[in-house]
**Student:** 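The structure that follows is given in the form of structure tokens.
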Amino acid sequence: MKKTIIKNATIVNEFQIFEGDVLIEGEFIKKIGKNLSAENATIIDAEGKLLMPGIIDDQVHFREPGLTHKGTIATESRAAIAGGVTTFVEQPNTNPQTVTIEKLEEKMEIGKQTSFANYSFMFGGTNDNLEELKRLDKNACAGVKLFLGSSTGNMLVDNEEVIEKIFSNTELVISAHCEDETTIKNNLEKYKAEFGDAIPIKYHPIIRSEEACYLSSSRAIELAKKTNARLHVFHVSTAKETNLFRNDIPLEEKRITAEVCTHHLWFSDADYDEKGTFIKWNPAVKTAADRDGLWEALLDDRIDVLATDHAPHTLAEKQNIYTNAPSGGPLVQHTLSALLEKVKEGKISLEKLVQKMCHNPAILFNIEKRGYIKEGYFADLVLVDRNSSWTVTKNNILYKCGWSPFEGTSFSAQVTHTFVNGNLAYQNGKISEERNVKRLTFNRD
């Protein structure tokens, strides 16, 4: 059995930071301690480096099947492990959409054959697949995704009766994209009347407004309370919405939870002038006050999870005029480095960052034996050099789309090693072609 000892690391886990060693045997963490030794073990000296659990990204769009000119499970998972993401949950708005059990299993097979990270997928709810959803085994996948506002892929669920039936008929976590469609349509028509299709990008957060977000998320939360559904609100983007969530009970007891994404914590509407459609997301990046409110809610535990919503499009697609430029951008390779800048600035602690990106997704989706550095858990581990400055350039971007909203940005921290199930999958800029990845399993009674 292959053995590796990571020695002298600064370990960040379960709100503790301590110096120590980790012994990996095969796929698992065998022992955590000091001065560990094992016969025939490979030694990695991690003096001065952070060792954290692999990131579990609960929201990515890897574009396969059907949209593979933008990205594939192989290309985007390679970028993910370079960024310390060892596990991803991919979304159903592909072509064909993941709205039958057959299509879900076909995606699982692609993951098995080509992914460089551990994988699961969301099952998409629609206006007409309730019976299929009822047949879905509660341990088959991470959860159910509902688009309660339209976005890339045209999977809008707008039949109120159907939405209530979905909420009433699944034990799985329902992850929802919440934007009110009527509000957005009315706003869009107003600006199209003035500008045609070439609407200045600065109006994006006014078209996809605070009101659109709040109306939809508050409605979803009321329905979840009424039906006792397990609701997780994806990519919260406004300060106002954060007041819909609670922090007076532990995550394990919450029926309604929330996620925030890197771009809503990093950018604000002041960045549209420079970045243009490269920071066009749904929901939109909004004001600096919204960004401050999101940080506050993340830190006081109204927001439970920090993810990427990684969603690549080609450069040519993103350079279109407003109405034709798709929303979304690639983020898995750069999120950890970006957020470690926020740690350096004192905005968030290392312990809290690990909680939101590693521990909490595992708790929220009942993922087995991942998200922590614990003996007996899978060895999904990330080593980071916090004193290794680098600049994002076209030459070091691994996304298939070949661009990043962080291009030209310099970071002071860099991932040096990523282990996936004990396999050294990434080391100092090089990705191992030897894969050892797994479909996620869940601990749901």
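Atoms considered below: every heavy atom in the structure, side chains included; atoms not considered: hydrogens, waters and symmetry mates. Since this is a predicted model, take the numbers as computed values, not measurements.
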**Student:** Can a donor-acceptor pair be found, under 3.5 Å and without considering hydrogens, that links the side chain of Asn127 to the backbone of Asp158?
**Tutor:**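 It does hold such a pair.
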**Student:** Is there a donor-acceptor contact under 3.5 Å linking the side chains of Thr262 and Thr335?
**Tutor:**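 Indeed, the side chains of Thr262 and Thr335 share at least one donor-acceptor pair under 3.5 Å.
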**Student:** Identify the two heavy atoms, one from Ala220 and one from Phe167, that lie closest to each other, and give their separation to 0.1 Å.
**Tutor:**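 What the structure gives for the nearest pair is O-CE2, 3.6 Å.
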**Student:** Closer than 4.0 angstrom, basic N to acidic O: yes or no for Lys103 and Glu106?
**Tutor:**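 Salt bridge present between Lys103 and Glu106.
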**Student:** Taking Asp290 for the side chain and Ala239 for the main chain, is one N or O donor matched with an acceptor at less than 3.5 Å?
**Tutor:**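 The answer is yes, because a donor-acceptor pair under 3.5 Å joins these two groups.
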**Student:** With Gln91 as reference, evaluate His61, Lys145, Gln97, Arg63 under the side-chain hydrogen bond (donor to acceptor under 3.5 Å, both in side chains) test and give the passing residue.
**Tutor:**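 The single option meeting the side-chain hydrogen bond (donor to acceptor under 3.5 Å, both in side chains) with Gln91 is Lys145.
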**Student:** Examine distances only and state if a side-chain atom of Asn118 and a backbone atom of Thr86 form a donor-acceptor pair shorter than 3.5 Å.
**Tutor:**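 Yes; at least one donor-acceptor contact below 3.5 Å.
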**Student:** Spell out, as yes or no, whether a donor-acceptor pair under 3.5 Å connects the side chain of Glu259 to the backbone of His235.
**Tutor:**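 Here the side-chain-to-backbone pair exists.
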**Student:** Could you check whether any side-chain heavy atom of His310 comes within less than 4.5 Å of a side-chain heavy atom of Tyr399, counting everything from C-beta outward?
**Tutor:**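 His310 vs Tyr399: side chains touch.
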**Student:** For Arg386, look at atom CZ and say whether over 12 heavy atoms of other residues, nucleotides or ligands are found less than 6.0 Å away.
**Tutor:**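 Counting neighbours around CZ of Arg386, 12 or fewer heavy atoms of other residues, nucleotides or ligands fall under 6.0 Å, so no.
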**Student:** Could you walk me through whether Thr182 and Asp180 pass side-chain hydrogen bond (donor to acceptor under 3.5 Å, both in side chains), step by step?
**Tutor:** CA-CA 6 Å; Thr182 303; Asp180 182 66; 4.5 Å; no
**Student:** Is Lys400 paired with Glu76 through a side-chain N to carboxylate O contact shorter than 4.0 Å?
**Tutor:**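 No salt bridge links Glu76 with Lys400.
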**Student:** Can you tell me if Thr441 and Glu368 form a side-chain donor-acceptor pair at under 3.5 Å?
**Tutor:**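 The answer is yes; a qualifying pair exists.
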**Student:** Given the rule in the salt bridge (charged side-chain N to carboxylate O under 4.0 Å, His left out) test, do Glu105 and Arg439 qualify, once you have shown the distances and angles that lead to the verdict?
**Tutor:** CA-CA 11 Å; Glu105 289 304 321; Arg439 174 176 177 163; 2.9 Å; yes
**Student:** Would you please test Glu211 and Thr183 for side-chain hydrogen bond (donor to acceptor under 3.5 Å, both in side chains) and show each step?
**Tutor:** CA-CA 8 Å; Glu211 180 192 17; Thr183 303; 4.7 Å; no
**Student:** Checking side-chain polar atoms at under 3.5 Å, does Ser412 have a donor or acceptor matched by the opposite partner on Glu341?
**Tutor:**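 Judged by distance alone, the side chains do pair up.
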**Student:** Check step by step if salt bridge (charged side-chain N to carboxylate O under 4.0 Å, His left out) holds for Glu222 and Arg219.
**Tutor:** CA-CA 5 Å; Glu222 284 309 307; Arg219 198 181 298 137; over 6 Å; no
**Student:** I'd like to know if Glu171 and Arg444 make a salt bridge, using a cut-off of under 4.0 Å between side-chain N and carboxylate O.
**Tutor:**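 A salt bridge is absent here (no side-chain N lies under 4.0 Å from a carboxylate O).
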**Student:** For the pair Thr257 and His232, evaluate side-chain hydrogen bond (donor to acceptor under 3.5 Å, both in side chains) and give the outcome as yes or no after the intermediate values.
**Tutor:** CA-CA 5 Å; Thr257 52; His232 183 50; 2.8 Å; yes
**Student:** Ring of Tyr214, cation from Lys240 - is the NZ or CZ under 6.0 Å from the centre and inside 45° of the axis?
**Tutor:**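 Cation-pi check for Lys240 and Tyr214: passes.
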**Student:** Please report the shortest heavy-atom distance between Leu306 and Cys261, naming the atom on each side.
**Tutor:**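 Closest approach of Leu306 to Cys261, heavy atoms only: CD2-C, 4.4 Å.
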**Student:** Calculate, to the nearest 0.5 Å, the distance between atoms CD and CD belonging to Glu14 and Glu351 respectively.
**Tutor:**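 So the gap between those two atoms works out to 12.5 Å.
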**Student:** Does the distance from a Lys or Arg side-chain N to an Asp or Glu carboxylate O, for Glu161 and Lys165, drop under 4.0 Å?
**Tutor:**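 Result for this pair is yes, salt bridge flagged.
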**Student:** In terms of heavy-atom contacts, does NZ of Lys134 have more than 12 from other residues, nucleotides or ligands at under 6.0 Å?
**Tutor:**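 Above 12, so yes.
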**Student:** What's the spacing between Thr10 OG1 and Ile17 CD1 if we round to 0.5 Å?
**Tutor:**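 The CD1 atom of Ile17 is 8.0 Å from OG1 of Thr10, to the nearest 0.5 Å.
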**Student:** Could you check whether Lys356 pairs with Asp301 (Lys NZ or Arg NE/NH1/NH2 to Asp/Glu carboxylate O, under 4.0 Å)?
**Tutor:**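 So Lys356 pairs with Asp301 through a salt bridge.
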**Student:** I need the His204 NE2 to Tyr272 OH distance, nearest 0.5 Å.
**Tutor:**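 Those atoms lie 5.0 Å apart.
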**Student:** side-chain contact (heavy atoms from CB on, under 4.5 Å), that's the test. Do Asp309 and His264 meet it? Break it down for me.
**Tutor:** CA-CA 10 Å; Asp309 194 13; His264 291 122; over 6 Å; no
**Student:** Can you name the closest pair of heavy atoms from Met108 and Cys141 and give their distance?
**Tutor:**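 Where Met108 meets Cys141 most closely, the heavy atoms are CE-CB, 4.0 Å.
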**Student:** Measuring from His417:NE2 to Asp385:CG, what's the distance to the nearest 0.5 Å?
**Tutor:**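 His417 atom NE2 to Asp385 atom CG measures 10.0 Å (nearest 0.5 Å).
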**Student:** Of the non-hydrogen atoms in Ser115 and Ile73, which two are nearest, and what is the gap between them?
**Tutor:**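 In this case the closest contact between Ser115 and Ile73 is CB-CG2, 3.8 Å.
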**Student:** Any non-hydrogen side-chain atom of Thr409 less than 4.5 Å from a side-chain atom of Trp266?
**Tutor:**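 Sidechains of Trp266 and Thr409: in contact.
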**Student:** Might you confirm whether atom CD of Glu345 has over 12 heavy atoms from other residues, nucleotides or ligands at distances under 6.0 Å?
**Tutor:**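 Yes, the 6.0 Å shell around CD holds more than 12 heavy atoms from other groups.
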**Student:** Which atom pair, heavy atoms only, marks the closest approach of Asn282 to Ser327?
**Tutor:**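 Scanning both residues, the minimum pair turns out to be OD1-OG, 2.9 Å.
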